[in-house]
Trainee: 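Pasting a structure here, questions to come.
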Amino acid sequence: MARNAEKAMTALARFRQAQLEEGKVKERRPFLASECSDLPKAEKWRRQIISEISKKVAQIQNAGLGEFRIRDLNDEINKLLREKGHWEVRIKDLGGPDYVRFGPRMLDHEGKEVPGNRGYKYFGAARDLPGVRELFEKDPAPAVRKTRAELMKDVDAEYYGYRDEDDGVLLPLEMQYEKRAVQEAVQKWRTEEESRSSGDKQQVIDEDDNIYTVRDEEPDDESQEEREGEEGGVSFIAHVPVPSQREVEEALVRRKKMELLQRYVSETLQAQSLEARTLLGL
């Protein structure tokens, strides 16, 4: 049994070796770029990687693949980009051209790199995935503060309002509001004058009432009893004559005349005046 397995493996090994010699079996790319020591083969592997990147970039443009498939494709593309960089460094070490410095970078520019996460890029529909779109949104630039000299450039006569009447709109509006304000002020003044005149008339009517007038009407017993009941059972009766308002005014006038005579008239004139009054019987 073991001998048959050994024979089969030997035959298989010989078959594969023959295919490799004829070029029918595709050679596998080395896992590490440092394992390759042949410059043409390194160029070959670099071109192969570029071809794979192009295919996957074309696939990731389809947004209908689903979120998980798009994320996997984006990871594979970034992995191939890193591998391409390793092969370019190996080609340079083997004496080939420096693709890192002088080679085309179109494939690198197709992806968009997240700010703050250098190296990892998003391609196609991966840039519209949830959580990725927010990473590319830039904060609005802060407003540039103007200097004092720039601010003073806008300060002129119009800034202070000296040219507001030039448009021909403000003056008619001011005249209209001025007329309205004058009418309101006149109406207010007339209303106040009418209220003041009516108040003065009412005051004159109240003053005509004699506050010292004694009513001669003798209340009957029933009204007096009612008044005593309303006032708490106490009534007031005047036992001395009360002067009227006219008598009070005449007394005040006489007193004022006497004060003026004493202030401005000499004693001789006062004596003569008193004597004349006595002779006339006044």
Side-chain angles (χ1 to χ4, degrees), residues 5 8-146:
M9 292 297 295
T10 303
L12 179 60
R14 290 178 180 179
F15 178 73
R16 288 186 60 85
Q17 185 65 28
Q19 287 183 338
L20 288 174
E21 291 176 356
E22 294 177 2
K24 295 182 180 180
V25 177
K26 190 175 181 181
E27 188 176 2
R28 186 175 183 181
R29 185 171 67 236
F31 183 75
L32 296 176
S34 58
E35 297 178 356
C36 181
S37 58
D38 189 7
L39 180 59
K41 287 188 177 182
E43 294 276 0
K44 174 185 175 182
W45 303 135
R46 178 181 176 276
R47 289 192 297 270
Q48 185 181 5
I49 293 173
I50 292 175
S51 178
E52 294 179 4
I53 292 174
S54 301
K55 292 179 181 179
K56 294 184 181 296
V57 168
Q59 293 178 7
I60 203 172
Q61 304 300 326
N62 185 9
L65 295 176
E67 179 181 351
F68 299 103
R69 179 56 181 163
I70 291 174
R71 290 185 184 275
D72 292 340
L73 281 174
N74 198 75
D75 292 338
E76 293 174 3
I77 293 172
N78 281 273
K79 183 179 178 181
L80 290 172
L81 287 174
R82 289 194 298 269
E83 188 175 356
K84 182 175 74 72
H86 297 326
W87 282 105
E88 289 174 350
V89 172
R90 183 58 179 167
I91 291 172
K92 181 182 177 182
D93 295 339
L94 295 175
D98 189 2
Y99 292 105
V100 177
R101 187 174 182 181
F102 302 105
R105 304 177 60 86
M106 293 183 62
L107 291 174
D108 295 343
H109 292 167
E110 289 182 1
K112 193 170 183 181
E113 185 175 337
V114 178
N117 189 10
R118 187 174 182 180
Y120 193 87
K121 298 181 180 181
Y122 290 90
F123 297 84
R127 287 177 288 190
D128 297 330
L129 292 175
V132 179
R133 188 185 304 107
E134 291 77 5
L135 298 176
F136 294 106
E137 294 179 356
K138 297 181 180 179
D139 297 333
V144 180
R145 297 186 61 181
K146 294 184 178 180

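Atoms considered below: every heavy atom in the structure, side chains included; atoms not considered: hydrogens, waters and symmetry mates.
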Trainee: Could you pull out all residues at least two apart from Q59 that satisfy side chain to side chain contact (heavy atoms under 4.5 Å, CB included)?
Mentor: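 Only R69, L73 meet the side chain to side chain contact (heavy atoms under 4.5 Å, CB included) criterion with Q59.
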
Trainee: Could you go step by step and tell me if K79 and E83 meet the salt bridge (charged side-chain N to carboxylate O under 4.0 Å, His left out) rule?
Mentor: CA-CA 6 Å; K79 183 179 178 181; E83 188 175 356; over 6 Å; no

Trainee: Between N74 and Y122, what is the shortest heavy-atom contact and its length?
Mentor: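 Between these two residues, the closest heavy atoms are OD1-CA, 3.3 Å.
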
Trainee: Determine the minimum heavy-atom distance between L39 and G95, stating which atoms define it.
Mentor: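 Closest approach of L39 to G95: CD2-C, 4.5 Å.
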
Trainee: Just verifying a value: how many Å separate L129 CG and R71 CZ, rounded to the nearest 0.5 Å?
Mentor: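 These two atoms lie 5.0 Å from each other.
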
Trainee: Distance from K44 atom NZ to D38 atom CG, nearest 0.5 Å?
Mentor: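 K44 atom NZ to D38 atom CG measures 10.5 Å (nearest 0.5 Å).
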
Trainee: Below 4.0 angstrom, N of the basic side chain to O of the carboxylate: do E88 and K92 qualify?
Mentor: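 Salt bridge between E88 and K92, a charged N being under 4.0 Å from a carboxylate O: no.
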
Trainee: Of all the heavy-atom pairs spanning N78 and F123, show the shortest one and how long it is.
Mentor: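 Closest heavy-atom pair between N78 and F123: ND2-CE1, 4.3 Å.
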
Trainee: Going from CD on Q48 to CD1 on I50, what distance comes out if it is rounded to the nearest 0.5 angstrom?
Mentor: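 Spacing of CD (Q48) from CD1 (I50) equals 11.0 Å.
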
Trainee: If the condition is side chain to side chain contact (heavy atoms under 4.5 Å, CB included), which residues does A42 pass it with, not counting sequence neighbours?
Mentor: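 Scan of A42 (side chain to side chain contact (heavy atoms under 4.5 Å, CB included), adjacent residues dropped) gives C36, W87, I91, L94.
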
Trainee: Check side chain to side chain contact (heavy atoms under 4.5 Å, CB included) between A125 and all other residues, then give those that pass, not counting sequence neighbours.
Mentor: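 Result, side chain to side chain contact (heavy atoms under 4.5 Å, CB included) vs A125: A63, I70.
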
Trainee: To the nearest 0.5 Å, what is the distance between CG on L32 and CZ on R90?
Mentor: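 L32 CG to R90 CZ: 10.5 Å, rounded to 0.5 Å.
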
